[in-house]
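Please read the structure below before turning to the comments.
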Amino acid sequence: MSAHLQLSDIRVSFNGFLAVNGLNLSISKGELRCLIGPNGAGKTTALDLICGKTRADSGSVRYAGRELSHMEEHLIARAGVGRKFQVPSVFRQLSVRDNLEVAMCRHTGVFATLLRPARGRGGEGLETLAEFVGLADALEEPAANLSHGQTQWLEIALLLAQDSELILLDEPTAGMTQQETVKTADICNRLKGKHTIVVVEHDMGFVREIGDVISVMHQGQLLAEGTVREVSQHEKVREVYLGSMGIGGA
Amino acid sequence: MTRPISALRGAGEARLQFALYAAVCLAIFLVPLAVGDDFLLNRYARYLVLGMVAMALSLSWGYAGILNLGQALSFGLGSYCMAMALKLGTVPVHTGSDGLPDFMVWNNVETLPWFWVPFHSTAFAILAGIAVPVLVACVLGWFIFRGRVTGVFVAIITLATLVVANLLIIDRQPYTGGFNGITDLAQLSLFGFTFDAYSKSTYYLVAACLTVSLFACLALTRSKAGLILQAIRDDERRVRFFGYDVAAYKMLALAVSAAVAGLAGMLYTVVMEFASPTFLDVSLSLSIVIWCAVGGRQSLLGAMLGAILIAGMQGALSESEAFLDTWMLVMGAIFVTVVLVLPNGLAGLVSAGAHRLAAMLASRDPRRGETVHLGKPAEDRP
């Protein structure tokens with residue numbers, strides 16, 4: 001079977017620094033792939049390349065038979081790619097409800113949205129979603145008033161509302177409590193199969209909870225790939241990343 | 001912190017907002033019943049026109065975050081389109097061939113330039129008064145927004161464009177009347193009805209256009225597109241990753257704003273009975289920004305009332321004996337105070353008051369007064 005998402009021989013440099021150096025990654029449909037690696041390994045850059053935030057100097061990004069590397073961000077999003085950022089980015093001046101309305105983006109054209117009321121008929125689904133992430137009471141609050149944890153949840157809700165086929169998560173559990181991390185893992189497990197998911201994460205406990213196949217990146221390249229077990233026994237991985245703690249730690 | 005009036009979003013609040021807008025428009029229509037003086041009515045009509053431009057700016061600046069310092073460009077273009085039509089409607093005092101406008105005769109122009117010819121038709125002029133500003137806005141917007149120019153650079157580009165247009169009009173005296181503008185105009189006549197600048201009819205014409213454009217803009221802000229514009233103001237990069245074409249939305253905001261400003265410009269010519277390069281002046285353009293800021297840029301009604309209030313006050317102060325020398329100082333003090341104390345303008349003050357009132361009413365109901373526990377998922381809550 002050919003890969004659903006295929007990054008081939010990607011190279012990117014920032015001011016002469018090679019952030020990604022010949023990265024190859026292939027992910028099949030419905031898979032949940034974890035991307036781990038030490039700081040500066042190019043994990044976030046890899047996500048940026050897929051969603052179009054960063055342009056590759058060379059190489060190709062193919063998704064569902066389409067070449068993404070030269071498409072504009074909004075067209076990539078329309079092709080079915082959703083992204084959660086490391087620093088939670090939501091619309092701070094808008095209420096939680098309006099944030100979700102913006103994320104429900106089945107119609108993206110100017111004239112299509114011009115003829116639609118700001119509050120669509122998705123109202124009920126929207127409230128269920130808000131309830132699901134624990135923001136039902138804060139629907140009318142401006143997002144600026146939310147705590148860091150709540151902002152994380154709001155962005156996850158935005159992704160669920162967007163309902164993209166391919167979901168890119170950049171450190172979704174940063175700043176979350178133990179319980180919240182468990183819940184995030186639960187959401188990821190539930191989305192698996194229906195959606196293709198790529199998760200960048202440092203929390204190894206979380207990775208163990210959700211990861212089928214783990215890709216380890218190091219210095220802009222793929223270092224190892226395999227199950228949690230295989231990766232944690234990999235000589236080189238232990239050396240550069242996991243250290244003496246082993247994958248059970250962190 | 002005062003919350004922007006755009007945060008008022010519940011269904012009940014939407015109805016309240018609608019009622020408020022309707023009440024203000026009704027009040028505007030009732031003014032001629034109380035004011036018999038045609039001279040005063042003309043002046044009030046002028047203020048209403050200025051309110052319309054400020055309202056248009058609030059759409060692009062307050063909602064979409066595009067600080068357009070060249071708002072007077074759309075206004076001036078609309079104004080000149082109307083003036084050209086009204087000029088051709090006069091019986092020229094110094095007639096050249098084909099009823100050439102007098103200033104062309106003085107400038108030794110022998111035939112009517114091609115771009116003046118269609119303005120024999122008032123319908124064409126009215127169409128052009130809206131279409132030309134919209135076209136200019138779209139072209140400008142295409143370059144700015146496709147090139148992803150943001151922030152202060154947008155302000156610089158729009159301001160520079162305004163200055164260029166202003167200089168062009170002053171410089172091309174044979175075709176534009178130059179520094180003197182286009183004066184000595186006929187009265188606008190539509191469907192066999194003539195609008196005398198000093199009469200109730202012109203006032204009602206302005207009030208009707210104001211009402212229609214205010215509600216059209218309100219509808220835009222209440223649509224999903226309006227919501228996306230506000231999201232763009234907050235974080236345009238994030239909006240892109242939801243699949244929205246940010247440049248197209250920003251062009252929409254700029255174009256609608258230009259259309260309303262162009263319409264206002266046409267009405268300004270009808271009310272003032274001339275068009276002049278001062279309508280495309282940098283100082284007028286900056287005044288529009290100030291009116292908008294004082295009234296509250298995130299509220300269409302606020303920006304409109306801000307302009308009417310400040311322009312009215314300016315008129316009254318500059319003519320009163322007591323403030324003859326100091327009125328600029330008084331105006332300056334007001335601006336500084338508003339900018340320092342009320343970041344969301346007078347509308348922000350009103351909306352903060354409304355929220356406080358709502359909170360007071362809610363606190364009587366113990367269930368709704370409960371504080372939201374931050375950072376915890378729903379099922380953890382007692």
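Everything numeric in this text was worked out from a predicted model, so none of it was measured. Convention: sequence-line order gives letters A, B, ...; per-chain numbering from 1.
Using a 4.5 Å cut-off between heavy atoms, B:V239 touches chain A through backbone and side chain atoms alike. Contact annotation for A:Q152: neither backbone nor side-chain heavy atoms come within less than 4.5 Å of a heavy atom of chain B. The contact between A:L158 and chain B is made by backbone and side chain atoms together, counting heavy-atom distances below 4.5 Å. With a threshold of 4.5 angstrom between heavy atoms, A:L75 does not approach chain B through any atom at all.
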Test log, rule side-chain contact (heavy atoms from CB on, under 4.5 Å), inputs B:D245 and A:V110
CA-CA 8 Å; B:D245 186 355; A:V110 172; 5.9 Å; no
Decide ring pair (Phe, Tyr, Trp, His ring centres under 6.0 Å) for B:F145 and B:Y249; before the verdict, give the C-alpha distance in whole Å, the side-chain angles of both, and the deciding distance to 0.1 Å.
CA-CA 9 Å; B:F145 303 133; B:Y249 279 92; over 10 Å; no
Would you please test A:R97 and A:E101 for salt bridge (Lys or Arg N to Asp or Glu O under 4.0 Å) and show each step?
CA-CA 6 Å; A:R97 180 191 293 276; A:E101 287 284 1; 5.6 Å; no
Could you go through A:E171 and A:K43, starting from their C-alpha distance and side-chain angles, then the distance that decides it, and tell me whether this counts as salt bridge (Lys or Arg N to Asp or Glu O under 4.0 Å)?
CA-CA 10 Å; A:E171 302 203 14; A:K43 307 179 296 287; 5.6 Å; no
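When each of A:K53, A:H148, A:E72, A:E73 is scored by its heavy-atom pairs under 4.5 Å with chain B, the top score falls to A:E73. Your options are A:A144, A:A79, A:G109, A:A112, and the one with the most heavy-atom pairs under 4.5 Å with chain B is A:G109.
Side-chain atoms of A:R55 come within 3.5 Å of backbone atoms of A:S69 as a donor-acceptor pair (strictly under, hydrogens ignored).
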